[in-house]
Amino acid sequence: MAIKKLVFYGEKSLREPSKEVHKVSQKIKTLVQDLLDTMYAENGVGLAAPQIGEQYRVFVIDVSSGNEPLNPMVFINPKIIKKSGAVVSHEGCLSFPEAYTDVKRYANVLVKALDIHGKPFVLEGKDGTLLARAIQHEYDHLDGVLFIDHSINRFDADKALKEHNLPPVEIEKLLNEPDLDEALAND
Ligand code: ZN
């Protein structure tokens, strides 16, 4: 059990793509435990391996709240196989301490991944729930994509980053998302 040091926005490795896991070895199981320990210590909803300096396609999520029992979910080599609808999501990230901004997300996603035993599973995040949004947020980290890249308004995002002494939005990383724009306009 180990709480790891977080990688913060501005550090280059957050922009680097992560490697597939070839075998759910003891090393990967330790990585998963470190991710969970660090996420809970930081009161996060999700954490991806590159956020603790490990470039592997692994993330964890726990959307339980209040008095609910903990519900750790482990995703190894995840693939988003279906996505639809759109929502505006007010998001932050443990790699961006205290900074929040509105981003575009799909409302529904279907994700396929391996669990901690290396067993495949499929999970649906629906109706713009925290789970649906967290899956997309954490999945992005594995490709070096960050939540601010989905900003509704980059000036608002810049303001939030500046207020918390973080580097500005990387304009060249902003994503063009016509399907989400269209779905949001029709809402
Ligand atoms: Zn994040």
Side-chain angles (χ1 to χ4, degrees), residues 1-64 68-84 89 91-97 103-126 128-150 170 173 175 177:
M1 151 155 200
I3 296 166
K4 296 291 184 179
K5 218 171 126 265
L6 290 170
V7 176
F8 293 111
Y9 180 52
E11 293 180 61
K12 260 210 326 240
S13 64
L14 269 195
R15 286 299 191 183
E16 282 160 15
S18 291
K19 302 182 283 281
E20 290 273 319
V21 170
H22 292 301
K23 184 173 176 257
V24 184
S25 59
Q26 192 49 51
K27 182 184 161 177
I28 295 297
K29 290 181 181 176
T30 302
L31 166 61
V32 166
Q33 196 53 55
D34 291 347
L35 282 169
L36 289 168
D37 292 342
T38 309
M39 175 180 75
Y40 289 128
E42 301 284 344
N43 292 313
V45 168
L47 191 64
Q51 293 181 276
I52 59 167
E54 298 281 353
Q55 305 299 134
Y56 286 103
R57 301 189 74 84
V58 178
F59 65 75
V60 296
I61 288 177
D62 190 333
V63 293
S64 65
E68 288 169 15
L70 294 181
N71 182 23
M73 298 180 181
V74 176
F75 300 78
I76 299 169
N77 293 345
K79 294 240 168 12
I80 293 180
I81 50 180
K82 236 160 118 185
K83 44 196 184 183
S84 64
S89 174
E91 288 184 21
C93 175
L94 291 177
S95 296
F96 294 69
V103 300
K104 300 168 222 176
R105 294 291 183 194
Y106 293 97
N108 311 293
V109 289
L110 194 64
V111 63
K112 196 175 99 180
L114 301 178
D115 68 13
I116 187 69
H117 308 292
K119 216 177 124 223
F121 68 95
V122 173
L123 181 77
E124 195 175 18
K126 280 199 285 198
T129 52
L130 183 55
L131 176 63
R133 293 176 288 130
I135 289 168
Q136 297 170 73
H137 179 121
E138 300 311 330
Y139 181 86
D140 272 351
H141 275 297
L142 309 182
D143 291 325
V145 174
L146 302 172
F147 76 114
I148 51 168
D149 303 344
H150 297 277
E170 295 165 63
K173 300 282 189 189
L175 294 161
E177 302 179 298

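Listed here is the closest heavy atom pair of Lys173 and Asp149: O-CB, 3.5 Å. The minimum heavy-atom distance between Ser89 and Arg133, with the atom names listed, is OG-NH1, 3.0 Å. Residues Leu123 and Phe75 come closest through the heavy atom pair CD2-CZ, 3.8 Å. Across every non-hydrogen atom of Ala132 and Gly125, the tightest pair is CB-C, 3.5 Å. The two residues Gln55 and Pro17 have their closest heavy-atom pair at NE2-O, 3.9 Å. Minimum interatomic distance between Cys93 and Gln51 (heavy atoms only, all atoms of both residues): SG-NE2, 3.4 Å.
More than 12 heavy atoms of other residues, nucleotides or ligands lie within 6.0 Å of NZ in Lys29, so this atom counts as buried by the packing criterion.
For Val7, the side chain to side chain contact (heavy atoms under 4.5 Å, CB included) test picks out Glu11, Ser13, Leu14, with sequence neighbours left out. Not counting sequence neighbours, the partners of Asp143 by the side-chain hydrogen bond (donor to acceptor under 3.5 Å, both in side chains) test are Arg57. Checked against ring-ring contact (aromatic ring centres under 6.0 Å, His included), Phe96 has the following partners two or more places apart in sequence or in another chain: Tyr9, Phe147. Every side chain to side chain contact (heavy atoms under 4.5 Å, CB included) that Ile3 has, sequence neighbours left out, goes to Asp37, Thr38, Ala41. Applying the side chain to side chain contact (heavy atoms under 4.5 Å, CB included) test to Pro72 and every residue at least two apart in sequence or in another chain returns Leu36, Tyr40, Asp62, Leu70. Listed by chain and residue number, Val45, Ile61, Leu130, Leu131 satisfy the side chain to side chain contact (heavy atoms under 4.5 Å, CB included) test with Val63 (two or more places apart in sequence, or in another chain). Residues satisfying the side-chain hydrogen bond (donor to acceptor under 3.5 Å, both in side chains) criterion with Lys83, sequence neighbours excluded, are absent altogether. Remark: His141 pairs with His137 by the ring-ring contact (aromatic ring centres under 6.0 Å, His included) rule, at least two apart or across chains. By the side-chain hydrogen bond (donor to acceptor under 3.5 Å, both in side chains) test, Tyr56 pairs with Lys27, sequence neighbours left out. Scored by the side-chain hydrogen bond (donor to acceptor under 3.5 Å, both in side chains) test, Arg105 finds Glu91, Asp140, His150 as partners (sequence neighbours excluded).
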Just list the side-chain donor-acceptor pairs under 3.5 Å for residues 107-118, sequence neighbours left out, or say none.
unit_1	atom_1	unit_2	atom_2	d
Asn108	OD1	Asp127	N	2.8
Asn108	ND2	Ser84	OG	3.1
Asp115	OD1	His117	N	2.8
Asp115	OD1	Gly118	N	3.1
Asp115	OD1	Lys119	N	2.9

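Thr129 contributes atom OG1, which lies 7.5 Å from atom CD1 of Ile135 (distance to the nearest 0.5 angstrom). Interatomic distance, Met73 CE to Glu138 CD, rounded to the nearest 0.5 Å: 12.5 Å. Here the straight-line distance linking atom OG of Ser95 with atom CD1 of Ile52 works out to 10.5 Å at 0.5 Å rounding.
The stretch residues 70-81 participates, sequence neighbours left out, in these salt bridge (Lys or Arg N to Asp or Glu O under 4.0 Å) pairs: Glu20-Lys79.
Counting only heavy atoms from C-beta outward, the side chains of Leu47 and Leu6 approach each other to under 4.5 Å.
With respect to Val58, the side-chain contact (heavy atoms from CB on, under 4.5 Å) criterion is satisfied by exactly one of Val24, Val32, Leu142: Val32.
With respect to Lys4 and Glu54, no salt bridge is recorded, no charged nitrogen being found less than 4.0 Å from a carboxylate O.
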